[in-house]
Number of protein chains: 2
Amino acid sequence: MPVANEIVVQVQERVRDEAKRRGVRWTSQRQVIVEQFLLAGEHLTADELLVRSKEVDPAIGAATVYRTLNLLVEIGVAQRVRLGGGSASFEPVLGRAHHDHLICLACGLVVEFEDEGIEKRQNAIAKKHGFVLRHHRLEMFGLCPKCQERLAAE
Amino acid sequence: MPVANEIVVQVQERVRDEAKRRGVRWTSQRQVIVEQFLLAGEHLTADELLVRSKEVDPAIGAATVYRTLNLLVEIGVAQRVRLGGGSASFEPVLGRAHHDHLICLACGLVVEFEDEGIEKRQNAIAKKHGFVLRHHRLEMFGLCPKCQERLAAE
DNA sequence: TTGGCTGCAAATCTTTTGCAGTTCG
DNA sequence: CGAACTGCAAAAGATTTGCAGCCAA
């Protein structure tokens with residue numbers, strides 16, 4: 001069994017426990033949706049998650065996906081990110097290191113990166129203002145190398 | 001005349017010139033909308049901007065506000081930010097130093113801050129990936145001092 | 001058993017778009 | 001004059017909500 005799956009199982013258990021602690025029921029639909037969400041690894045939209053979930057259980061409706069995603073955000077397992085475009089994307093908070101995004105304005109390419117220095121700096125700023133930090137999101141927009149080249153050639 | 005107004009006039013002229021350079025027309029509605037946008041200083045939603053603009057010229061429609069905001073973003077004078085909630089907020093890129101946001105999850109308080117160190121680090125990361133940076137947004141979510149106290153007391 | 005959850009469809013909300021008339025350049 | 005712009009209303013898209021039936025605890 002690949003390592004990735006073990007992580008999925010671990011996180012899923014954590015989610016289920018957290019749900020139970022809050023008196024939230026664990027249904028087969030939530031099982032499927034959370035599993036697909038964690039397996040995806042990549043950030044994905046509610047609609048993309050709906051498609052993947054329907055592949056496992058075609059009866060699952062969009063409303064349930066939205067309700068589950070909101071639940072995950074509330075519990076602190078998922079995070080909303082904005083990568084441009086019309087709809088919000090979500091990604092797991094646990095199971096992999098936190099990362100931020102570098103987005104190409106021309107072709108939409110999304111590069112994920114991690115940076116210890118930025119995280120530290122953020123904590124310092126939060127402390128300065130007396131905040132207790134839960135999470136953050138950093139999105140940097142610009143032109144990727146290929147698009148720079150392409151645009152320069154035109 | 002207050003200093004703030006001079007800045008508004010300066011930026012507005014820059015916007016108008018940039019518009020002209022692109023062959024974009026300068027109408028009375030755009031004049032009003034851009035003026036209100038710059039005067040607000042604070043980040044504001046399309047709807048808030050519509051309300052303010054209607055106070056000056058009640059005939060202005062929502063579509064024009066959206067079209068103008070998109071134009072400003074395209075020109076690089078405005079930036080979309082997401083402060084939670086359903087609708088996007090916008091804020092001027094010029095006329096004041098760049099800043100990021102610290103947002104309280106409990107009461108919605110938004111603290112704006114600037115940090116040289118983070119900006120530098122971001123540029124370094126962009127360069128590492130070969131990106132040319134246009135802009136970025138950093139939003140940190142947590143609990144403000146008051147809400148920490150309030151929640152602890154409960 | 002029973003209150004929370006589900007799917008469906010309808011309702012909301014935000015943002016975009018088509019169109020006929022208006023206006024800037 | 002002619003292309004770009006405007007307001008309106010309709011459309012489009014994303015997300016939420018009401019409701020009747022279903023199911024985990």
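Side chains are part of it too, since the values below use all heavy atoms of this structure and drop only hydrogens, waters and symmetry mates. Order of the sequence lines sets the chain letters (A, B, ...), proteins ahead of strands, with each chain counted from 1.
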Exercise for the section: Using heavy atoms to find the nearest nucleotide of DNA chain C for B:D47 and A:T68 separately, return the residue whose nucleotide is more 5′. Expected result: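 Nearer the 5' end of the strand: A:T68.
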Exercise for the section: Classify the ring geometry between A:H43 and A:H101 as parallel (under 30°), tilted (30 to 60°) or perpendicular (over 60°). Expected result: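 Because their plane-to-plane angle is over 60°, the rings of A:H43 and A:H101 count as perpendicular.
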Just how far, in rounded Å, is [atom2] of [N] from [atom1] of [X]?
{"X": "A:L50", "N": "D:dT15", "atom1": "CG", "atom2": "P", "value": "12 Å"}
{"X": "A:D57", "N": "C:dC5", "atom1": "CG", "atom2": "C1'", "value": "14 Å"}
{"X": "A:L71", "N": "D:dT15", "atom1": "CG", "atom2": "C1'", "value": "16 Å"}
{"X": "A:E48", "N": "D:dT15", "atom1": "CD", "atom2": "P", "value": "11 Å"}
{"X": "B:L49", "N": "C:dT15", "atom1": "CG", "atom2": "C1'", "value": "14 Å"}
{"X": "A:L69", "N": "D:dA14", "atom1": "CG", "atom2": "C1'", "value": "13 Å"}
{"X": "B:R22", "N": "D:dA3", "atom1": "CZ", "atom2": "P", "value": "22 Å"}
{"X": "B:R16", "N": "D:dC5", "atom1": "CZ", "atom2": "P", "value": "16 Å"}

Any donor-acceptor pair under 3.5 Å from [X] side chain to [Y] backbone:
{"X": "B:R137", "Y": "B:R80", "result": "yes"}
{"X": "B:E35", "Y": "B:Q12", "result": "no"}
{"X": "B:Q148", "Y": "A:G130", "result": "yes"}
{"X": "A:R14", "Y": "A:V77", "result": "no"}

Practice task
List the atom of A:F131, the atom of B:C144, and the distance in Å for their closest heavy-atom pair.
Solution key: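 Closest approach of A:F131 to B:C144: CZ-CB, 3.6 Å.
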Completion exercise
With B for base contact, S for sugar-phosphate-only contact and - for none (protein heavy atoms under 4.0 Å), nucleotides 16-25 of chain D reads BBB----BBS
Exercise for the section: Please check the phosphate of D:dT6 (OP1 and OP2 only) for any side-chain N or O of B:R30 closer than 4.0 Å. Expected result: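 Yes, B:R30 has a side-chain N/O under 4.0 Å of OP1/OP2 on D:dT6.
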